[in-house]
Asks: 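Quick one: the structure is below, questions incoming.
If you're wondering where the values come from, they're calculated on a predicted model, not measured in any experiment.
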Amino acid sequence: MAGKLTSIFFFLIVFSCLSADDDPFAILDEIDDTPTSQPIQATFKTTRLILGHTVETLPKRSLDFRVAHRFDDILGDQGGLSNFYGFDRVTDIRIGFEYGITDNLMVGIGRTKGSAQITKNFEGFVKYRILKQMNDNSMPFTVTAMLSSSISTRAPSLVEYSEAAFQKFAHRLSYTSQLIIGRKFGDVMSLQLLPTVIHRNFVRFEDENTLFALGAGARINITRRTAIIIDYFYPFSEYRRENEEFKNPLGIGIEFETGGHVFHLNFSNSKGILESDFIPYTTSSWLDGEFRLGFNISRVFGFGY
């Protein structure tokens, strides 16, 4: 009898814990079936920093209208009050349209005014994200490949350093190959490295047609919508080591995100905008005041699925 009373008492306790409003299987609903491994989002806020590309690609069916602008030197021989600290002249402008074919594949075209020896280009590129950084570190980096080609439309008479320029159409072509390796560190900072190969069909007689360089970039958050951005490129070039006129390109700026726009206000010692321009042909020195104000504007339009 005591055993039966104990069983009934135990049953009543269990039953009271499961009121009519309780679901005995509710605990199963509380189990998070979301995969623990998720890709990291927004390593960078846009597909470019100041000078170079980033690991980011455009979302599928998104169109990015971009404008990049460089004024002339703030100080130095070309700057100062007589040139209104660089605002009286423009060294380069790029207007481009870029499109996301998939979330990992994008293409772009652009036109640059140019200011260096053989610029004034039509340019096109393709960019593919190979790997994505995962939140559980199963993949610690994002890796993106970028291939571009440019065609100079500058008249041979305007090429600064050689009468032999552009005697063949092939002289006008330049190519850039780049592997971009980036990582986001929490919500504070993102870093990337950019091994780069540039091939120019026409160069000075002493210069290398194929040039290797290593770039580095960083984005450091200030607030949710503002950040400090930096990028730098080091060309591995014996010709440039022996010629003091050449400098390594360095850009420093501030990024503002405003809805569909991303705006970069920056300073750099590079007059050019394309990799085949600013990596081989930067001759301005930060230490001599030969840096310039510039800006990049990105406006993304989404067309749905």
Side-chain angles (χ1 to χ4, degrees), residues 48-55 68 70 91-92 94 108 110 112-128 143-154 156 158-182 192-217 230-251 268-286 290-292:
R48 281 181 174 79
L49 281 179
I50 299 168
L51 301 170
H53 284 261
T54 70
V55 293
R70 302 288 184 271
T91 60
D92 204 357
R94 180 183 182 272
T112 59
K113 167 188 176 291
S115 62
Q117 288 89 339
I118 58 171
T119 55
K120 202 169 188 180
N121 297 295
F122 285 109
E123 158 246 357
F125 72 88
V126 59
K127 190 174 176 183
Y128 180 70
V143 180
T144 302
M146 193 280 294
L147 302 173
S148 72
S149 178
S150 61
I151 303 173
S152 176
T153 59
R154 176 160 290 186
L158 297 179
V159 177
E160 177 182 319
Y161 52 76
S162 177
E163 300 80 10
F166 300 158
Q167 291 187 357
K168 299 179 181 179
F169 175 77
H171 289 172
R172 299 180 177 275
L173 301 176
S174 297
Y175 309 92
T176 300
S177 303
Q178 200 167 68
L179 192 67
I180 313 169
I181 306 164
Q192 65 176 22
L193 291 175
L194 303 92
T196 304
V197 180
I198 294 173
H199 181 84
R200 297 160 293 155
N201 284 349
F202 178 84
V203 297
R204 297 190 193 191
F205 297 116
E206 305 89 351
D207 201 351
E208 305 105 331
N209 290 91
T210 302
L211 177 66
F212 296 88
L214 179 63
I230 304 170
D231 55 4
Y232 172 80
F233 283 81
Y234 181 88
F236 295 92
S237 167
E238 182 177 352
Y239 176 70
R240 280 154 186 78
R241 285 196 298 270
E242 297 174 351
N243 291 269
E244 295 183 355
E245 65 175 309
F246 293 105
K247 310 297 178 184
N248 298 338
L250 168 66
S268 72
N269 62 331
S270 173
K271 294 183 177 180
I273 293 175
L274 298 183
E275 284 81 4
S276 57
D277 191 350
F278 70 76
I279 293 177
Y281 297 121
T282 294
T283 57
S284 300
S285 170
W286 272 86
E290 296 170 344
F291 55 90
R292 57 198 49 81

Asks: Are there more than 12 heavy atoms of other residues, nucleotides or ligands under 6.0 Å from atom CD of E206?
Replies: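 Correct, the count exceeds 12.
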
Asks: What's the separation between atom NE2 in H171 and atom OG in S152, rounded to the nearest 0.5 Å?
Replies: 12.0 Å

Asks: Would you say E244 has more than 12 foreign heavy atoms packed within less than 6.0 Å of its CD?
Replies: no

Asks: Which distance, rounded to the nearest 0.5 Å, do you find between the CG of L274 and the OG of S148?
Replies: 7.5 Å

Asks: Compare every heavy atom of G272 with every heavy atom of D277, then report the nearest pair and how far apart it is.
Replies: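 Looking at all heavy atoms of both residues, the shortest contact is OD2-CA, 3.5 Å.
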
Asks: Given the rule in the side chain to side chain contact (heavy atoms under 4.5 Å, CB included) test, do D207 and R240 qualify, once you have shown the distances and angles that lead to the verdict?
Replies: CA-CA 8 Å; D207 201 351; R240 280 154 186 78; 2.9 Å; yes

Asks: Between K247 and S285, which heavy-atom pair has the shortest distance, and what is it?
Replies: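 Residues K247 and S285, closest heavy atoms: CE-CB, 4.0 Å.
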
Asks: Are Y234 and Y232 close enough that their ring centers fall under 6.0 Å?
Replies: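 They do not qualify: ring centres at least 6.0 Å apart.
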
Asks: Between S270 and S268, is there a donor-acceptor pair closer than 3.5 Å when you use the side chain of the first and the backbone of the second?
Replies: no

Asks: So, for D92 and K271, which heavy atoms are closest and what is the spacing to 0.1 Å?
Replies: CB-O, 3.1 Å

Asks: Can you tell me if R154 uses its side chain to pair, donor with acceptor, with the backbone of R172 under 3.5 Å?
Replies: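 Absent.
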
Asks: Is a side-chain donor or acceptor of N209 paired with a backbone partner of R200 at a separation under 3.5 angstrom?
Replies: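 Judged by distance alone, yes, a pair lies under 3.5 Å.
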
Asks: Please round to the nearest 0.5 Å and tell me the distance separating atom OG1 of T282 and atom CG of L250.
Replies: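 Going from the OG1 atom of T282 to the CG atom of L250 covers 10.0 Å.
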
Asks: Sub-3.5 Å donor-acceptor pair from the side chain of T283 to the main-chain atoms of E245, do we have one?
Replies: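 No.
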
Asks: Between R292 and N269 (side chain of the first, backbone of the second, donor and acceptor by atom type, cut-off under 3.5 Å), is there such a pair?
Replies: yes

Asks: Do Y175 and V197 come within less than 4.5 Å of each other through their side chains, counting heavy atoms only?
Replies: no

Asks: Any donor and acceptor pair, going by atom type alone, linking the side chain of T144 with main-chain N or O of V55 inside 3.5 Å?
Replies: yes

Asks: First locate atom CZ of F233, then atom CD1 of I198, and finally report the distance between them rounded to the nearest 0.5 Å.
Replies: 8.0 Å

Asks: Check whether any side-chain heavy atom of R94 sits under 4.5 Å from a side-chain heavy atom of E123, and report yes or no.
Replies: yes

Asks: Quick check: do Y239 and L211 have side-chain heavy atoms less than 4.5 Å from each other?
Replies: no

Asks: Could you list the residues that satisfy side-chain hydrogen bond (donor to acceptor under 3.5 Å, both in side chains) with R70, not counting sequence neighbours?
Replies: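 side-chain hydrogen bond (donor to acceptor under 3.5 Å, both in side chains) check on R70 returns N296.
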
Asks: What's the verdict on side chain to side chain contact (heavy atoms under 4.5 Å, CB included) for K127 and Q178, showing C-alpha distance, side-chain angles and the deciding distance?
Replies: CA-CA 9 Å; K127 190 174 176 183; Q178 200 167 68; over 6 Å; no

Asks: Quick one: are I279 and T196 in side-chain contact, heavy atoms under 4.5 Å?
Replies: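 Yes. Closest side-chain heavy atoms under 4.5 Å.
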
Asks: How long is the span from the CG atom in L194 to the OG1 atom in T176, to the nearest 0.5 Å?
Replies: 12.0 Å

Asks: Looking at side-chain heavy atoms only, is the closest gap between P235 and N248 below 4.5 Å?
Replies: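 Yes; the side chains approach each other to less than 4.5 Å.
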
Asks: For the CD1 atom of I50 and the CD1 atom of I230, what is their distance to the nearest 0.5 Å?
Replies: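 It is 7.5 Å, given to the nearest 0.5 Å.
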
Asks: When you measure from the side chain of D231 to the backbone of L49, do you find a donor-acceptor pair of N or O atoms at a distance under 3.5 Å?
Replies: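 Between the backbone of L49 and the side chain of D231 there is no qualifying donor-acceptor contact (under 3.5 Å).
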
Asks: Are any side-chain N or O atoms of Q192 and backbone N or O atoms of G182, one a donor and one an acceptor, separated by less than 3.5 Å?
Replies: no

Asks: Are I151 and F169 close enough that some pair of their side-chain heavy atoms sits under 4.5 Å apart?
Replies: yes

Asks: Look at the aromatic rings of W286 and F291 and report parallel, tilted or perpendicular, splitting at 30° and 60°.
Replies: parallel

Asks: Less than 3.5 Å apart, any donor N or O on the side chain of S237 or E208 sitting next to an acceptor on the other?
Replies: yes

